[in-house]
Amino acid sequence: MIQVFQPGLGEEELAAVAEVFRSNWIGHGPRTRAFEEKFAEHLGVEPDRLVFINCATAGLFLSTELLGLGEGDEVVLPSISFVAAANAVAARGARPVFCEVDPRTLNPTADDIARALTPRTKAVMVLHYGGYPGDIAAIADLCRERGIALIEDAACAVASHIDDTAAGTFGDLAVWSFDAMKVLVCGDGGMLYARDADQAARARRLAYHGLARPSGFGQAGVSSRWWELDVPEVGRRIVGNDLTAAIGTVQLSRLPGLVARRREIVQLYDRELAGVPGLSLPPPLPEGHHSTYYFYWVQVAPGLRDEIASELYAAGVYTTFRYPPLHKVPVYGATGKRLPRSEEAAERTLCLPLHPGLDDADVSTVTAALRKVMESRRGEGAS
């Protein structure tokens, strides 16, 4: 079975893990800090603005806490987004307000966001769909003009940027995901960014039990009673560790090559699927936009997508759709809402395999299977 996602790991990562084992310290420590510093260099931000955490979901939850969201507050986010985004809002007692997306890019525009704003809007939370930056520059301008906080869910956009500005650094807060199926993988893990230095310092405290300073061995020789606690506010433990940070540091050094191979696969898909009747390919990137190429999505006529996915699966090609519309999930209380463009995109879109483990023959297998399926359905509707 040709998989949709697959991590790109090798001997370098194994060697880094072995080095951590030899150090006899696998917890939160010097390699964690080193990874934060390297990732800050990658983004072009100060290292003290970043906190390596155990997953991006924890970062989204922490972001809503940093903003003090609560009952009566609203957060605007695209309906085509990951469930963790809406959960992070709802868990604070705030209300997720779902907006439309462009049906081809599956990213919201600034106009989509603006139409969903109300006097109760305290934040906007935007996903970079498939690693494509989208309309984030205009959305950031809109949020600044309205005095609204902007959270970027950059889980899919670890190498995305517009000109010299990295995705995730347009807004006030951001998270990146390093889970097992992402582009840069640590097994699990994520990074949180805060533009404001004080907010970043508070994020670090809250991510490590609310401690104003660490206790234990690291404080021996610094404080005469290194075991005592200084907890100005309640936190939790969601920090990353040296084991996952070591893997992440190697992955970060390999990131340009991993993304370059993803770009090559996208170009192969574009070439081999061009002109297939009834099939729409991802729109081209605007000038100055650079993608991480996390998804490659195609779109077909409504009513055909599920059958096509089943036939591809039978042919040994696993596909999927990310992400089902959140406004249709009952727990968020928006099931009566109509977002026609998001709903249409959700019924037409299919994500094809895209990862560096694919060779050119695999890509040809995928495209040949898809062309065959589409040929059998010629005349059943157009995309």
### Task
Please assess E65 against R236 for the test side-chain contact (heavy atoms from CB on, under 4.5 Å), listing each intermediate value before the final yes or no.
CA-CA 12 Å; E65 183 175 356; R236 65 190 73 84; 2.4 Å; yes

### Task
May I ask you to say whether E100 pairs ionically with R115, meaning some side-chain N is under 4.0 Å from a carboxylate O?
no

### Message
Are F5 and Y294, when compared by the centres of their aromatic rings, separated by less than 6.0 Å?
### Response
yes

### Query
Using a distance-only test with no angle check, is there a side-chain donor-acceptor pair under 3.5 angstrom linking D112 and T109?
yes

### Query
Does I26 sit in a hydrophobic cluster with other residues, and if so which ones, taking ILVMFWY side chains as linked at heavy-atom separations under 4.5 Å, directly or through other members?
L9, V17, V20, F21, V185, L243, I247

N/O donor to acceptor pairs below 3.5 angstrom from side-chain atoms of residues 318-328, sequence neighbours left out:
from : atom 1 : to   : atom 2 : distance (Å)
H327 : ND1    : S79  : OG     : 2.6
H327 : NE2    : E343 : OE2    : 2.8

### Summary
Looking only at heavy atoms, the pair that brings Q3 and P353 closest together is O-CB, 3.1 Å

### Task
Any chance you could lay out the side-chain hydrogen bond (donor to acceptor under 3.5 Å, both in side chains) test for N241 and T244, step after step, and finish with the verdict?
CA-CA 6 Å; N241 59 63; T244 51; 3.1 Å; yes

### Message
Closer than 3.5 angstrom, by distance alone: can the side chain of H209 be matched with the main-chain N or O of L211 as a donor-acceptor pair?
### Response
no

### Query
Is S160 reaching over with its side chain to a backbone N or O of G131, donor-acceptor style, under 3.5 angstrom?
yes

### L67 to A123 - nearest heavy-atom pair and separation
CD1-CB, 3.9 Å

### Query
P96 and side chain to side chain contact (heavy atoms under 4.5 Å, CB included): which partner among N87, L77, V75?
L77

### same_hphob_cluster(L192, V234) at 4.5 Å side-chain heavy-atom cutoff
no

### E233 atom CD: more than 12 heavy-atom contacts under 6.0 Å
yes

#### Entry: ILVMFWY cluster membership beyond V250 - transitive side-chain contacts under 4.5 angstrom
none

### Whichever hydrophobic residues join L117 through chains of side-chain contacts under 4.5 Å
V76, V97, I113, V124, V126, I136, I139, L142, I148, L150, I162, F170

#### Entry: Ion pair E375/K372, N-O distance below 4.0 Å
no

### Query
How far apart are the C-alpha atoms of E19 and R22, what are their side-chain angles, what is the distance that settles it, and do they pass the salt bridge (charged side-chain N to carboxylate O under 4.0 Å, His left out) test?
CA-CA 5 Å; E19 184 181 336; R22 285 192 294 271; 5.2 Å; no

### Query
Is it true that D73 and R92 have a side-chain N and a carboxylate O under 4.0 angstrom from each other?
no

### Task
Would you mind listing every side-chain hydrogen bond (donor to acceptor under 3.5 Å, both in side chains) that reaches into residues 5-17, with sequence neighbours excluded?
E13-Q251, E13-R254

### Query
Counting distance only, does the side-chain N/O of D141 pair as donor-acceptor with the main-chain N or O of A138 below 3.5 Å?
no

### Worked check of side-chain contact (heavy atoms from CB on, under 4.5 Å) between R31 and T249
CA-CA 8 Å; R31 289 172 179 81; T249 301; over 6 Å; no

### Backbone of Y269 reached by a side-chain donor or acceptor of T367 within 3.5 Å
no

### Message
Whether the side chain of W297 engages the backbone of T105 through a donor-acceptor N/O pair (distance < 3.5 Å, no angle test) should be reported.
### Response
no

### Task
Any chance you could measure D153, atom CG, to S177, atom OG, to the nearest 0.5 Å?
8.5 Å

### Query
Is it true that L66 and I238 fall in one hydrophobic cluster, defined by side-chain heavy atoms closer than 4.5 Å?
yes

#### Entry: Pairing of D172 and R49 as salt bridge, 4.0 angstrom limit
no

### Query
Do F39 and F178 have ring centroids that are under 6.0 Å from one another?
yes

### Query
Under 3.5 Å, side chain of R195 to main-chain N/O of A174, donor-acceptor pair present?
no

### Query
What is the minimum heavy-atom distance between E36 and L50, and which atoms define it?
O-CD1, 3.6 Å

### Summary
By ring-ring contact (aromatic ring centres under 6.0 Å, His included), F52 pairs with (sequence neighbours left out) F35

### Task
Please confirm whether the backbone N or O of G240 pairs with a side-chain atom of H28, one donor and one acceptor, at under 3.5 Å?
yes

### Message
Could you measure the distance from the SG atom of C156 to the CE atom of M181? Nearest 0.5 Å is fine.
### Response
13.5 Å

